[in-house]
Colleague: 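The structure that follows is given in the form of structure tokens.
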Amino acid sequence: MKLYNTLTGITEEFVPADGKTVKMYVCGVTPYAPVHVGHALSYVAFDVLRRYLEYLGYQVEHVQNFTDVDDKIIQRAKDAGVEPEALADQYIEDFFHNIDALNVQRAHVYPRATQEIEPIVETIKGLVEKGYAYPVGGDVYFRVNSSDEYGKLSHRTLDGMIAGARVAVDDQKEHPMDFALWKGAIAGEPAWDSPWGPGRPGWHIECTSMAMTYLGASLDIHGGGQDLIFPHHENEIAQSEASTGMKPFARYWVHNGLLMLGEDKMSKSLGNLVSVKEALEEYTPDCLRLYLLSSHYRSPLHYSDEGCAAMERSGDRLRHALRLDNNGGGEPLDPGRCEARFFEAMDDDLNTPRALAALFDLAREINRGRDAGQEIKGCQDTLRRLGGILGLTFQGRDSSGEDHLAAKPFIELLLSTREELRRAKQFDLADNIRDGLDRQGVIVEDTPQGARWEYHPTD
RNA sequence: GGCGACGUAGCCAAGUGGACUAAGGCGGAGGUCUGCAAAACCUCUAUUCGGCGGUUCGAAUCCGCCCGUCGCCUCCA
């Protein structure tokens, strides 16, 4: 398949270094707030990438970290009067709960920065010994000038960055762009021992260390949101390549576009976010996936209720095509053309909008084939299989909640009365019951198997 | 200020030089089904791709300028 590589700026044929095992590291969250739909966009995109690579026959080794020590966690924990570790635990649990609900396959390893301090310190030690980093005042900084390739991922130069004039001046640092590998301890904050005194890891070094610990010195794919390209991933490259002397640290850098809410990107720091939990209260997991996959993974996507609601209906369309039964035993319908279009789209830098279009066309052909009396079973199996590569479950809204509705026996009593009235051709009275229920939020639909109803609270 | 992305139907969104006389979804309009509805299905729904120039036999697709939107340069998926 072809993948766009941020490092080279072009779409390249992707093949893992050893031809069969894909080492994939995806940047995880800093757990101090509920996981939001923007995170979901990223993890669903990489989930689809992984599922597709596995479908192609590769074995994927998937590692995703938690940055469980950082300024924001410490601050939030202080505000909430809990230990930073407890706060992180709470949001890691939230992360798993919601990401599982979205049918995202779990990574094989989820290292946590706080549990990897030893290898992190070792990595920093090595960088200091080789002259790529220097300790000063309890901190350790990476010497940005030690690499003439610094800026190769984000495609910018040190001069250009400084011209931005938003670089904080710090007299301790040799160069304004030097970044912290180790931060000296501040009283009352979590700290670990190190050769430079007590402190904690900087933001970027943990990923370098954990990626190497669990996947080795060279990764096939390193992923994350586009907002991580600079400085996070740029710094990771600098550290990692300096540390091992091996280039490239990651062969393919894959970045997803950012989710927008209103005029800005959805982000924890701006506070304009919709949590996955909130979204799942309104929409099915398939609906959210369809929505997140309806635009290309590298494009920005605007989140909206209207958009999600539209996707719920399009999801119904796919589900319905799978529910149909054969209507006569005619010629089997051939899914080949749609299937080929699906794979062609997926091969082309994971073009999920086009892949979805192929799925919708397949659904239409199933509907048409059924009406024409053709054998549709094979096409339905294909639709289910291809949808599975996109992580779709084809599960509709769970209607079991209605069992708990206190009014259920009364509704069913009214409906059986209505059924008798209909049989007696007393349609005015029957329609009265239907309209009356409708006003209470109970939607009645007649089917060959009898009346179906659904409760939609009217708020 | 520097770097980058984008602007396609009422809305979302593919397509990036020639079978595009522009996918797909939502919405809308007709139809089938139904006692009537609903749901579902089927059909139709952009002579045109932000604007103006240019290159080319040929441009939504390449180049230039203009207008507009967004991202990164600071924590962020």
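Side-chain atoms are counted along with the backbone in the values below, which use heavy atoms only and exclude waters and symmetry mates. Just so it is clear: chains get the letters A, B, ... in the order the sequence lines come, proteins before strands, and each one is counted from 1.
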Colleague: Using a heavy-atom cut-off of 4.0 Å across all strands, would you classify A/F46 as base, sugar-phosphate, or nothing?
Modeller: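 Counting heavy atoms under 4.0 Å across all strands, no contact is made by A/F46.
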Colleague: Within the structure, does a side-chain N or O atom of A/N367 lie under 4.0 Å from either OP1 or OP2 of B/rC42?
Modeller: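 Yes, A/N367 has a side-chain N/O under 4.0 Å of OP1/OP2 on B/rC42.
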Colleague: Is any side-chain N or O of A/R364 closer than 4.0 Å to OP1 or OP2 of B/rU43?
Modeller: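 Yes, because at least one side-chain N or O of A/R364 sits under 4.0 Å from OP1 or OP2 of B/rU43.
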Colleague: Looking at every strand, decide which applies to A/R76 at a 4.0 Å heavy-atom threshold: base, sugar-phosphate, or nothing.
Modeller: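 The residue A/R76 makes no contact with any strand.
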Colleague: Could you please name the option among B/rA14, B/rC72, B/rA23 that lies closest to any side-chain atom of A/H296?
Modeller: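 Comparing B/rA14, B/rC72, B/rA23 against the side chain of A/H296, the answer is B/rA14.
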Colleague: I'd like to know if the side chain of A/T417 and the backbone of A/L413 have a donor-acceptor N/O pair within less than 3.5 Å.
Modeller: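 Flag set: sc A/T417 to bb A/L413 pair under 3.5 Å.
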Colleague: Heavy atoms only, 4.0 Å cut-off, all strands: where does A/G38 land among base, sugar-phosphate and nothing?
Modeller: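 Base, at least one base heavy atom under 4.0 Å.
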Colleague: Using a heavy-atom cut-off of under 4.0 Å over every strand shown, decide if A/K72 touches base, sugar-phosphate, or nothing.
Modeller: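 Since a base atom lies under 4.0 Å of A/K72, the category is base.
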Colleague: Test for a donor-acceptor pair under 3.5 Å between the base of B/rC73 and the side chain of A/D227, counting only N and O atoms.
Modeller: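 No, the side chain and the base share no sub-3.5 Å donor-acceptor pair.
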Colleague: Out of B/rC72, B/rA77, B/rC36, which nucleotide sits closest to the side chain of A/R422?
Modeller: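 That would be B/rC36.
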Colleague: Answer with base, sugar-phosphate or nothing: what part of the nucleic acid does A/T157 contact at a heavy-atom distance below 4.0 Å?
Modeller: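 Touches nothing.
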Colleague: Nearest of B/rG71, B/rC36, B/rC73 to any side-chain atom of A/D446?
Modeller: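 Of all the options, the side chain of A/D446 is nearest to B/rC36.
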Colleague: Which residue, A/R341 or A/F230, contacts RNA chain B at a nucleotide closer to its 5' end, judged by nearest heavy atom?
Modeller: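 First, find each residue's nearest nucleotide; the 5'-ward one identifies A/R341.
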Colleague: Counting side-chain heavy atoms from C-beta on, which of B/rC70, B/rC72, B/rA40 comes nearest to A/M260?
Modeller: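 Nucleotide nearest to A/M260's side chain: B/rC70.
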Colleague: Select one nucleotide: of B/rC73, B/rG71, B/rC41, the one nearest the side-chain heavy atoms of A/R317.
Modeller: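 Nearest listed nucleotide: B/rC41.
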Colleague: Which part of the nucleic acid does A/R298 contact within heavy-atom distance under 4.0 Å: base, sugar-phosphate only, or nothing?
Modeller: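 Contact class for A/R298: none.
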Colleague: Can you tell me how the ring of A/Y25 sits relative to the ring of A/H222, calling it parallel under 30°, perpendicular over 60° and tilted otherwise?
Modeller: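 Rings of A/Y25 and A/H222: tilted, as their planes differ by 30° to 60°.
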Colleague: Going by the angle between their ring planes, with limits at 30° and 60°, are A/Y52 and A/F343 parallel, tilted or perpendicular?
Modeller: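 If you compare the ring of A/Y52 with that of A/F343, the planes turn out parallel.
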Colleague: Given side chains that start at C-beta, do those of A/Q172 and A/D139 come closer than 4.5 Å, heavy atoms only?
Modeller: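 They are in contact (side-chain heavy atoms under 4.5 Å apart), so the answer is yes.
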Colleague: Indicate, with a heavy-atom threshold strictly under 4.0 Å, whether A/S267 touches base, sugar-phosphate, or nothing.
Modeller: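 The residue A/S267 makes base contact.
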Colleague: Check whether the side chain of A/D431 and the base of B/rG35 form a donor-acceptor pair under 3.5 Å.
Modeller: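 Pair found.
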Colleague: Within the structure shown, what part of the strands sits under 4.0 Å from A/A357 by heavy-atom distance: base, sugar-phosphate, or nothing?
Modeller: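 Counting heavy atoms under 4.0 Å across all strands, the contact made by A/A357 includes a base.
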Colleague: Reckon A/F427 touches a base, only the sugar-phosphate, or nothing at all at heavy-atom distances under 4.0 Å?
Modeller: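 Result for A/F427 = base.
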Colleague: Tell me what A/L324 touches on the nucleic acid: a base, only sugar-phosphate, or nothing, going by heavy atoms under 4.0 Å.
Modeller: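 No contact at all - A/L324 keeps every heavy atom at 4.0 Å or more from the nucleic acid.
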Colleague: Let me know, please, whether A/R368 or A/H155 comes out on the 5' side of the other along RNA chain B by nearest nucleotide.
Modeller: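 First, find each residue's nearest nucleotide; the 5'-ward one identifies A/H155.
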Colleague: Need one value for A/E306: base, sugar-phosphate or nothing, where a base atom within 4.0 Å counts as base even if backbone is also close, heavy atoms only.
Modeller: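 Since no nucleic acid heavy atom lies under 4.0 Å of A/E306, the category is nothing.
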Colleague: Quick one: label A/L228 by what it contacts on the DNA or RNA (base, sugar-phosphate, nothing), any heavy atom closer than 4.0 Å.
Modeller: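 It contacts sugar-phosphate atoms only.
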Colleague: Looking at B/rA38, I'd like to know if its phosphate oxygens (OP1 or OP2) sit under 4.0 Å from a side-chain N or O belonging to A/R434.
Modeller: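 For B/rA38, OP1/OP2 do not have a side-chain N/O of A/R434 under 4.0 Å.
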Colleague: Considering only atom C1', compute the distance from B/rU21 to B/rG15 and round it to an integer number of Å.
Modeller: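 Result for the C1' pair: 16 Å, nearest Å.
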Colleague: So if I take every side-chain heavy atom of A/L301 and compare against B/rG25, B/rA13, B/rA23, which nucleotide ends up nearest?
Modeller: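 Closest of the options to the side chain of A/L301: B/rA13.
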Colleague: Counting the atoms with a prime plus P, OP1 and OP2 as sugar-phosphate, which does A/G28 contact under 4.0 Å by heavy atoms, base, sugar-phosphate, or nothing?
Modeller: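 Sugar-phosphate contact only.
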